[in-house]
Amino acid sequence: MNREQQYIETKAYKQFEEFCDACKKYKYIGICHGLPGVGKTQAARHYADWDRLYPAFCEFDRKYEVTDELTAELAEEKHTIFITAPTLGVNQITKDIKKIGYRITYMAREAFYEWDDGIDLIIIDEVDRLKMAHLEQIRDLYDQQNVPLILIGMPGIEKRLSRYPQLYSRIGFAQEYKKMDKIEAEHILHYKWEELGLELQLADFSNYEAMNLILKITNGNFRLIHRLFTQIERVMAINHLQEISVDVVETARDSLVIG
């Protein structure tokens with residue numbers, strides 16, 4: 001089976017991309033909120049190209065082979081960095097961001113001279129876990145460096161931040177990251193079938209039945225689709241199967257904890 005996965009840019013992602021671009025252009029703080037599993041974190045990581053750049057920017061304690069191509073890329077343009085909000089340490093967010101910024105500067109020192117020179121946007125995920133002192137650190141960082149920020153959290157985070165006027169007054173944009181509709185989810189499933197080396201054929205009732213069961217189970221939840229297909233692949237490999245059937249989907253679902 002083909003295990004290679006690609007990120008599929010949904011309508012919600014395209015809206016998120018425009019949202020990020022607007023925050024960068026106007027140097028605003030933006031809020032992105034949405035239900036668990038709709039794809040907020042994956043969208044942010046994809047926008048920042050974080051799975052590719054994270055080893056170079058963040059694995060400070062390991063010897064990392066930096067290619068000439070990556071060094072040239074760092075020197076030519078600025079980059080978005082992705083941070084998950086820490087649970088402890090009031091100053092940890094600032095430390096993490098500056099550490100990555102200095103790393104970028106070090107790797108392209110001929111082009112950048114300050115830690116934030118190579119950064120055009122900072123995305124902070126899981127902001128729901130932050131306390132008032134953390135938010136003050138974020139506000140101070142924004143004021144001092146003039147680097148736009150995007151804060152990602154659960155529904156209601158915008159109301160919580162409104163109780164902190166020093167930060168809230170600096171927020172220029174807000175976006176709800178919505179779950180996929182049925183048509184878009186069907187489109188995603190075609191790609192998930194292909195990742196397993198299969199072809200989704202709706203003329204085949206077995207395929208059609210399995211697809212509709214997956215749509216019912218996942219209900220447009222981006223993360224749940226990926227989790228379910230991880231289990232589907234496992235079930236098929238264990239049983240030496242070549243087709244996704246209702247039985248396979250039900251067995252895979254029984255392996256998941258679905259809230």
Side-chain angles (χ1 to χ4, degrees), residues 13 15-33 40-41 43-60 70-86 89-153 157-158 160-162 164-175 177:
Y13 173 78
Q15 293 168 353
F16 178 78
E17 184 179 43
E18 293 173 358
F19 170 69
C20 292
D21 290 344
C23 287
K24 287 197 296 188
K25 179 178 179 180
Y26 297 103
K27 292 189 178 296
Y28 281 155
I29 296 177
I31 301 175
C32 176
H33 58 91
K40 305 183 298 296
T41 299
R45 293 182 68 91
H46 180 68
Y47 183 85
D49 197 13
W50 206 236
D51 290 336
R52 184 174 69 92
L53 297 179
Y54 175 84
F57 290 169
C58 301
E59 294 188 356
F60 308 102
L70 181 55
T71 301
E73 177 185 324
L74 286 167
E76 289 176 359
E77 59 186 53
K78 294 189 175 185
H79 298 275
T80 297
I81 66 175
F82 174 86
I83 295 288
T84 300
V90 171
N91 297 320
Q92 193 61 44
I93 288 180
T94 302
K95 289 180 180 178
D96 288 347
I97 291 170
K98 288 186 176 181
K99 199 172 185 180
I100 296 172
Y102 283 127
R103 176 66 171 174
I104 295 172
T105 305
Y106 173 76
M107 294 175 66
R109 54 187 175 275
E110 294 181 1
F112 306 132
Y113 301 97
E114 300 293 339
W115 73 264
D116 61 325
D117 281 352
I119 300 172
D120 61 5
L121 179 66
I122 299 167
I123 301 177
I124 304 176
D125 196 16
E126 305 284 359
V127 295
D128 307 83
R129 62 176 61 167
L130 299 182
K131 300 185 183 300
M132 195 66 70
H134 295 102
L135 297 176
E136 173 59 26
Q137 284 287 317
I138 291 173
R139 183 198 63 78
D140 186 61
L141 178 72
Y142 174 75
D143 287 348
Q144 288 189 27
Q145 306 300 332
N146 196 32
V147 177
L149 296 164
I150 288 178
L151 311 178
I152 298 179
I157 186 63
E158 71 283 6
R160 180 190 163 200
L161 292 178
S162 70
Y164 183 53
Q166 293 95 329
L167 177 64
Y168 196 72
S169 62
R170 291 160 172 79
I171 295 173
F173 298 113
Q175 182 203 45
Y177 203 102

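All of these numbers come straight from a predicted model, not from anything done at the bench.
- Atom CD1 of Ile152 and atom CD of Gln175 lie 9.0 Å apart (nearest 0.5 Å).
- Looking only at distances, no side-chain donor or acceptor of Arg170 sits under 3.5 Å from a matching main-chain atom of Tyr28.
- Within 6.0 Å of the OH atom in Tyr142, the count of heavy atoms belonging to other residues, nucleotides or ligands exceeds 12.
- Expressed to the nearest 0.5 Å, how far CZ of Phe173 lies from CD of Glu18 amounts to 11.5 Å.
- Interatomic distance, NZ of Lys24 versus CD1 of Ile122, reported as 12.5 Å (0.5 Å rounding).
- Using a 4.5 Å cut-off on side-chain heavy atoms (C-beta onward), Leu161 and Leu151 make contact.
- Contact annotation: the side chain of Thr80 approaches that of Tyr47 to within less than 4.5 Å [non-hydrogen atoms, C-beta and beyond].
- Using a 4.5 Å cut-off on side-chain heavy atoms (C-beta onward), Leu53 and His79 make contact.
- Taking SG from Cys32 and CD from Gln15, the interatomic distance works out to 10.0 Å, rounded to the nearest 0.5 Å.
- Partner Leu149 forms a side-chain contact (heavy atoms from CB on, under 4.5 Å) with one of Ile171, Ile123, Ile29, Ile83 and no other, that one being Ile29.
- Side-chain rings of Tyr177 and His33 stay apart, their centers remaining 6.0 Å or farther from each other.
- Salt bridge Arg45/Asp125: absent, no basic N to carboxylate O contact under 4.0 Å.
- Within the model, atoms CD1 of Ile124 and CG of Leu141 stand 7.0 Å from one another, a figure rounded to the nearest 0.5 Å.
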Stepwise, does the side chain to side chain donor-acceptor pair (under 3.5 Å) test hold for Tyr164 with Glu136? CA-CA 9 Å; Tyr164 183 53; Glu136 173 59 26; 2.3 Å; yes
Criterion side-chain contact (heavy atoms from CB on, under 4.5 Å) on Asp140 and Gln166, from CA distance to verdict: CA-CA 10 Å; Asp140 186 61; Gln166 293 95 329; over 6 Å; no
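- In this structure, Arg52 pairs ionically with Asp49, as a charged nitrogen and a carboxylate oxygen lie closer than 4.0 Å.
- Using the six-membered ring where Trp is involved, Trp50 and Tyr54 have ring planes that are perpendicular, over 60° apart on the 30 and 60° scheme.
- The closest donor-acceptor contact from the side chain of His46 to the backbone of Ala43 lies at 3.5 Å or more, if one exists at all.
- Checked for salt-bridge contact, Arg139 and Asp143 meet the test: a charged N lies under 4.0 Å from a carboxylate O.
- Atom CD1 of residue Ile119 and atom NZ of residue Lys98 lie 11.0 Å apart, to the nearest 0.5 angstrom.
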Does Gln137 form a side chain to side chain donor-acceptor pair (under 3.5 Å) with Thr94? I'd like the steps, not just the answer. CA-CA 7 Å; Gln137 284 287 317; Thr94 302; 2.9 Å; yes
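- When only modelled atom types and interatomic distance are considered, Tyr26 and Asp21 share no side-chain donor-acceptor pair under 3.5 Å.
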